[in-house]
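In what follows, a single structure is set out as structure tokens and then discussed.
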Amino acid sequence: MKVTKYHHRAQFADLDALTARIRDALAAGDYILGPAVERFEERFAAHTGVAHAVGLNSGTDALVLALRALDVGPGDEVITVANTFHASVLAITAVGARPVLVDCTPGDHLMDLDQVDAAVTPRTRAVLAVHLFGQALDMDRLGAIADRHGLAVVEDCAQAVGARWAGRRVGGFGRVGCFSFHPSKNLAAAGDGGAITTDDPEIARRVKVLRGLGQRAQNDHVVRGCNSKLDVIQALVLDDKLDRLDGWNARRAEVAGHYARALAGTGVAATPPAGQRHVFHLYQVAVDRRDEVFEEMTARGVEVVVRYPVPVHRQPAFADLGLTGSFPNAEAQARGTLCLPVRPDLTGPEIDYVLDVLLAATGHRPRRLVAG
Ligand SMILES: *Cc1c(COP(=O)(O)O)cnc(C)c1O
């Protein structure tokens, strides 16, 4: 059996209807921004529970433009977590600010909020809060820390679209929420795409100016912006999928529940389901001899991945930054975890096969809990 990490075809309910809309858009010739993008922006803002969403080229651009809209720049420090994806730290450096890393916790591998408090200096302007793997951070605690120090919170929601903390969606807690619609993410475009969300009309306005080469009106360039606009084809694809996102996320949590029950007591540390807090973009397990387990599972057709094998503070691209500090939990996570396929359309036999292969690779007997 082969169990892949993505199955993009399964995400289209009515591919003919969608391609008809794309064909119309191609014929009409309005390819960038316009009514289709505005419609998606409005529906995505409503889904997130905020007043404004602004469609962009990528999640990376969303992070960069969020920081720029908040005037974060040279001389400022931004706190983020050492086991995040490269783009979170890259965005901080792209605006000229200094990334300050904190470790993750050993349990859920999310940003250690006690360390955030301790990392604040007079130069700290913002916390880049990463809802890593699809799990919402404790936004009550983080909000209290940010308020106490007068910091802006920017949420990196790239892996957590649809996740909730205390009933409210991520992307609606900070000054700005940043989303990616890269094809690997839970809400996937047919190419690159991203968005910011905010309740602040001034931030939405600024990001719109920045994404359009800094133009306030045509030929009136008021800031040095960039070119980062969502295109119509991506907006049509995203708009088509948005209604099914919550169902997919619920199904991912179900798959996670099967994994967690089957792995209980085996010594493989598995992530339990966490209600609406976790949308399981990735399903992490911690295993001994990770690289061998990875090789064996790959050889038997299970597409496992490691997110991320080299933590940001050891990436050559950041060598000049002196990202000092001790991040033992991020190091352990990079060394000892892998991610199982957790696509919403996984079948019972596929879930059982993943478990069989994982348990065999980690020296356990198979346990069938899903398929009859
Ligand atoms: C994917 C991702 C990004 C970047 O998104 P792109 O759309 O690929 O630019 C940023 N942060 C995190 C945590 C991500 O997983």
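Atoms within each ligand, like the ligands themselves, are counted from 1 in listed order. Just so it is clear, the model here is predicted, and its values are computed rather than measured.
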Members sharing L151's hydrophobic cluster (side chains within less than 4.5 Å): I79, V81, V100, V102, L110, M111, L113, V116, V120, V127, V130, L132, F133, L137, M139, L142, I145, V153, W165, F173, L282
Nonpolar side-chain network containing Y308, other nodes, edges under 4.5 Å: F85
Relative to the heavy atoms of [X], which atoms of ligand 1 are at a distance of less than 4.0 Å?
X    : answer
A158 : 2 (C), 3 (C), 10 (C), 11 (N), 12 (C), 14 (C), 15 (O)
S58  : 7 (O), 9 (O)
G59  : 5 (O), 6 (P), 7 (O), 9 (O)

Neighbour count >12 (heavy atoms, 6.0 Å) for atom CZ, R148: yes
Considering all heavy atoms, the nearest A82-A330 contact: CB-CB, 3.9 Å
Close approach of D156 to ligand 1, heavy atoms, under 4.0 angstrom: yes
Positive for side chain to side chain contact (heavy atoms under 4.5 Å, CB included) with D239, one of Q234, R39, E42, R21: R39
Single hit among T362, L355, L359 for side chain to side chain contact (heavy atoms under 4.5 Å, CB included) with T266: L359
Test of proximity, S180 against ligand 1: N or O pairs below 3.5 Å: yes
N or O pair under 3.5 Å between Q159 and ligand 1: yes
Closest to atom 1 (C) of ligand 1 (judged by heavy-atom distance), picking from H281, K185, H131: K185
Per-residue contact class, T60 against ligand 1 - non-hydrogen pairs under 4.0 Å: both
